[in-house]
Amino acid sequence: MDKWLWFARVTKSRTLAQKLASGGHVRVNRDKIDSASKAIRLGDVLTITLERRVVVLEVLGLGTRRGPAPEAALLYKDLTPPPPVEADHQRPQRVAARDPGSGRPTKRDRRRMDAFTEEPLDGFLDGLRPGRDDPE
């Protein structure tokens, strides 16, 4: 089991495949397995629980090595159902939108204010911190 998960590039390492299988995150034909050494056959359906998704794979080949991704894709058929589409996620929303004139001014707004007053506020803090920058 763990070798096949590694050959099929479901996990990045064989150790992670062993942990996935022995941790109860893999089902073979709807039966939960608790051993990484479980033998699988052609036609078996694996249900694998990964971090944020569930993957359903049908075994089409057993494989002999961990090859490139196109070779690994020949070992299984992905039967994972598409995620449900929610109405809220159909339209992307602007994350950092704010109404003009509300909140903290942007750098562009600040430059416009400085240009309007014709006196930048560079020396604004002079004299407000006595003793700190006094000449000796």
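Please read all numbers here as calculations on a predicted model, not as lab measurements. Keep in mind that the numbers below use all heavy atoms, side chains included, and drop hydrogens, waters and symmetry copies.
In terms of hydrophobic clustering, with Ile, Leu, Val, Met, Phe, Trp and Tyr side chains grouped at heavy-atom distances under 4.5 Å, Leu60 and Leu75 are assigned to different clusters. Leu42 is connected to Val28 through a chain of hydrophobic side-chain contacts under 4.5 Å among Ile, Leu, Val, Met, Phe, Trp and Tyr, so both are in one cluster. The hydrophobic cluster containing Val45 does not contain Phe7, counting ILVMFWY residues as joined when their side-chain heavy atoms lie under 4.5 angstrom apart, directly or transitively.
Distance check, rounded to the nearest 0.5 Å: NZ of Lys3 to OG of Ser37 gives 12.0 Å. Distance check: Leu20 CG to His25 NE2 gives 6.5 Å after rounding to the nearest 0.5 Å.
Heavy-atom minimum distance, Ala17 versus Thr11: CB-OG1, 3.4 Å. Nearest heavy atom pair, residue Ala21 against residue Met1, reads CB-CG, 4.0 Å.
Here the rule is side-chain contact (heavy atoms from CB on, under 4.5 Å) with Val55, and of Val26, Thr49, Thr80 only Thr80 fits it. Shown are Leu79, Val59, Val56; of these, the side-chain contact (heavy atoms from CB on, under 4.5 Å) with Leu46 is made only by Val59.
Contact annotation: the side chain of Val10 approaches that of Ile48 to within less than 4.5 Å [non-hydrogen atoms, C-beta and beyond]. Residues Leu57 and Trp4 have side chains in contact (heavy-atom distance under 4.5 Å, counting atoms from C-beta outward). Residues Leu16 and Leu5 fail the side-chain proximity criterion, which asks for heavy atoms closer than 4.5 Å.
No donor-acceptor pair closer than 3.5 Å links the side chain of Arg111 to the backbone N or O of Thr106. No side-chain donor-acceptor contact under 3.5 Å links Ser22 to the backbone of Ser35. Although no hydrogens or angles enter the test, the distance criterion places a donor-acceptor pair under 3.5 Å between the side chain of Arg66 and the main chain of Trp6.
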